[in-house]
> 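Before I ask anything, here is the structure I am working with.
Sequence lines set the chain letters: A, B, ... in the order given, protein chains first and strands last, and positions in each chain run from 1. Remember, predicted model here, so these are calculated numbers, not experimental data.
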Protein chains: 4
Amino acid sequence: MPDPATGRRRNPATHDAILDATCVLLDEIGFDKLSLEGVAARAGVGKATIYRWWPNKSSLAMEALLREVGPTVAFPETESARHDIENQIRKLAKLYRGKTGRVVCEMIGLSQFDAETMRLFNDNFLDPRRNAAKQVLLRGIQNGEFKPDLDFDVIFDLLYGPIIQRMLMRHAGIDERHIDLHVALVLDGITPAKTNIELI
Amino acid sequence: MPDPATGRRRNPATHDAILDATCVLLDEIGFDKLSLEGVAARAGVGKATIYRWWPNKSSLAMEALLREVGPTVAFPETESARHDIENQIRKLAKLYRGKTGRVVCEMIGLSQFDAETMRLFNDNFLDPRRNAAKQVLLRGIQNGEFKPDLDFDVIFDLLYGPIIQRMLMRHAGIDERHIDLHVALVLDGITPAKTNIELI
Amino acid sequence: MPDPATGRRRNPATHDAILDATCVLLDEIGFDKLSLEGVAARAGVGKATIYRWWPNKSSLAMEALLREVGPTVAFPETESARHDIENQIRKLAKLYRGKTGRVVCEMIGLSQFDAETMRLFNDNFLDPRRNAAKQVLLRGIQNGEFKPDLDFDVIFDLLYGPIIQRMLMRHAGIDERHIDLHVALVLDGITPAKTNIELI
Amino acid sequence: MPDPATGRRRNPATHDAILDATCVLLDEIGFDKLSLEGVAARAGVGKATIYRWWPNKSSLAMEALLREVGPTVAFPETESARHDIENQIRKLAKLYRGKTGRVVCEMIGLSQFDAETMRLFNDNFLDPRRNAAKQVLLRGIQNGEFKPDLDFDVIFDLLYGPIIQRMLMRHAGIDERHIDLHVALVLDGITPAKTNIELI
DNA sequence: TCATAACCGAGACGGTACGTCTCGTCTTGGG
DNA sequence: CCCAAGACGAGACGTACCGTCTCGGTTATGA
């Protein structure tokens, strides 16, 4: 009976104001201390309006975060897959050194205690990045840059696991020198031997 | 000014009761539904007593979890550092597939929200493990098994980062096949080239 | 800034439930054992709702008590101001010997701990009674029953102060014999001397 | 079996330190906000020591208050009972205008909700004053200054009730002019008529 | 002279209530 | 039907005191 085309349409300005406020507060006080009450006040919006469109804090924060960092940190597409990977990881490391890194840490932290946040994080953040990385690796294989029999999951974890660990554990900064060394070691490890032989 | 030898002594039974209650509740309802109010009630303890000894929920949970994880997974000490590392990581992976893994995830999660908790985690959990690993790598270098100029932090992150990422993100299990592949790639990467040349 | 015509309206049932619970608890356990926590629980109301409308325990209790005391004890209006005062005070004394006396004592008690509560008490209880008394005294002056230069505040305190003291200190009951004696002494003292001379 | 004359004697310095701290805090923050915790800290004394010697806050405050104001505001003893009363009341009014007045108000306030405080207040504060006043009135009667048939309770309430009311209700200050007027009216009322006739 | 008993400070402890904050739902009036 | 404002029940937060309870150490007899 209720015609879906009936009644007032959703106001996109409101939607944006909410995400803007969420971003600002995420930066200022972090995910842990973020409250929907605070977001509503900051955005000049009724709390009910937030609850109408997002089921919980995690999904709101996730949408705000994704809007900021973009769907992925885009891989450049040059003729060298290796350079593309190196450049993307350098950009990612730079991003993670900033406020985005803190928010990602908190999202991962919360995910350990809340399955729904984990699902959102994987579906919206991690998987697209994994897929993008996979494309580049496949391109490298087709190029002959990388060994054809590599296990994609293993390489993905070797490329990104160390960065995540560094960011989460804080035992050391995510500086470029370390990144370059570790990426070099991994990519060298998947570069066909004949290349090395040719070099001898 | 406050003479430590004065006043009533701290009651260890109370301390234990609080940590016990924390463990139980962490298990039953998870970290983010955990309330100090609830812990106090469960432990039969005044809230103030908890606040006297722990600055916040995270530190309390961390101390409770640290009690749960056993001591460092010892590195076997054979004549081959490589085999020692491979074996230790296989055992570690096995441990992380069980309840300990769950606990470690939660400890890492907790650390994201409080610096003091992070410090507790690093001091009591991570550092001992890092140091043990360092010893084996040094042994390997002295043996000539590993390149002499390797950056320890990079190798540590490459060996353990992928496992941590896999465990935290849940995108894939920590199965032995993947572990073996990634460890092989890393250790190959730090094995001196002359070994390879001899093989040719 | 805050438009009063916006937002959900205050629920009068809640307001009443809070005052009802306060009265009951005041009766059952007394003021200094009264807790807002307890009132909230008894009224089936959130604590914040109480704090939204009353600044502290005293004001809440005062408002609850003010509901209990009836309107001003009316002064009868005959041709003799003296008789009117005597009759009103007799009626007042009777009232104060009952439950109302108990309540008035508590209101005075409350007022000692909070200026706002004192203000409430003066505005809503004391001032109307003082003004009514003032009218009768003025009438008596115009009649020639009372000296024209009397200080109203002094007379008010002399008429009612002794009753209040007796009621608050409990050192003696508020019996009619004492009332009559003290009122006679005061009113004699403000009755013009010529009357006495005529009697000689 | 335990000889009461054995063991260490009570330290009078401690006793004084506690009362001193109580007085200071009573002045600074009033009876309502006074805490035994605060007294102990201020006096440099263990809480248990206070609880050893006083059953509750009221009795501690009462003892401190009585030590400050003395057992009574002494009546001067000249040949005129009337002047003695006038002077004592002027001194009392002055006392009540200061911090002592505030504390007395709070004690009366609390007495409305706590029978034990009421008892302490009557026994230790009010009764001695009533008795002293009674002596002076009797002296006045024997002098022939006052009528021989006066009702002591009525006069006491007329002399002190107005001051108490003024202090408790705050509707007006306890200034000397009003005091003098009301005392004059009462004392005139109990002065034998022949005196007046002689004056004519 | 020296054991004994009470005194004393410090402060841990189980509690209760405080006053504040946020949650998620609801009601209201106005687009 | 959308929205801002904000009342509401619920309940955790972290703090302040309550009154009781060890502690270790300190006097002051009286055996």
> Tell me, please, which residues at least two apart from B/F113 pass ring-ring contact (aromatic ring centres under 6.0 Å, His included).
none
> In whole Å, what is the span from the CD1 atom of B/I18 to the C1' atom of E/dG15?
14 Å
> Please name all residues satisfying side chain to side chain donor-acceptor pair (under 3.5 Å) with A/D27, sequence neighbours left out, ordered by chain then number.
none
> What is the distance from NE2 of D/H15 to P of E/dG9, rounded to the nearest Å?
13 Å
> Roughly, in whole Å, what's the span from CG in B/L36 to C1' in E/dG14?
16 Å
> Specify the separation, in whole Å, of atom NZ of B/K57 and atom P of F/dC13.
7 Å
> What integer distance in Å separates B/N56:CG from F/dT15:P?
11 Å
> To the nearest Å, how far apart are A/D16 CG and F/dC3 P?
12 Å
> Looking only at heavy atoms, which two atoms of B/A17 and B/A43 are closest? And how far apart?
O-CB, 3.6 Å
> Start at the 5' end of DNA chain F and walk down; is the nucleotide closest to C/P12 or to A/A40 reached first?
A/A40
> Would you say a side-chain N or O of C/R9 is under 4.0 Å from OP1 or OP2 of E/dG29?
yes
> Can you list every pair that meets side chain to side chain donor-acceptor pair (under 3.5 Å) and has a residue in residues 31-46 of chain A, with sequence neighbours left out?
A/E28-A/R42, A/E37-A/K47
> Which residues satisfy the side chain to side chain donor-acceptor pair (under 3.5 Å) test with A/D114, sequence neighbours excluded?
A/T117
> Quickly work out the C/E37 CD to E/dG15 C1' distance and round it to whole Å.
12 Å
> Which residues, if any, of residues 24-35 of chain C bring a heavy atom under 4.0 Å of DNA chain F?
none
> Could you give me the CA-CA distance, side-chain angles and deciding distance for D/C105 and D/R170, then say whether side-chain contact (heavy atoms from CB on, under 4.5 Å) is met?
CA-CA 11 Å; D/C105 283; D/R170 312 267 208 289; 3.8 Å; yes
> Between B/R8 (CZ) and F/dC23 (C1'), how many Å, whole number?
9 Å
> Who are the salt bridge (Lys or Arg N to Asp or Glu O under 4.0 Å) partners of C/E63, not counting sequence neighbours?
none
> Quick one: salt bridge (Lys or Arg N to Asp or Glu O under 4.0 Å) partners of B/R102, sequence neighbours excluded?
B/E106
> If you look only at pairs with a residue in residues 11-56 of chain D, which of them pass as a ring pair (Phe, Tyr, Trp, His ring centres under 6.0 Å), with sequence neighbours excluded?
D/H15-D/W54
> Please tell me if B/T14 has a side-chain N or O lying less than 4.0 Å from either OP1 or OP2 of E/dA12.
no
> Below 4.0 angstrom, which residues in residues 41-53 of chain C have at least one non-hydrogen atom near DNA chain E?
C/K47, C/A48, C/Y51
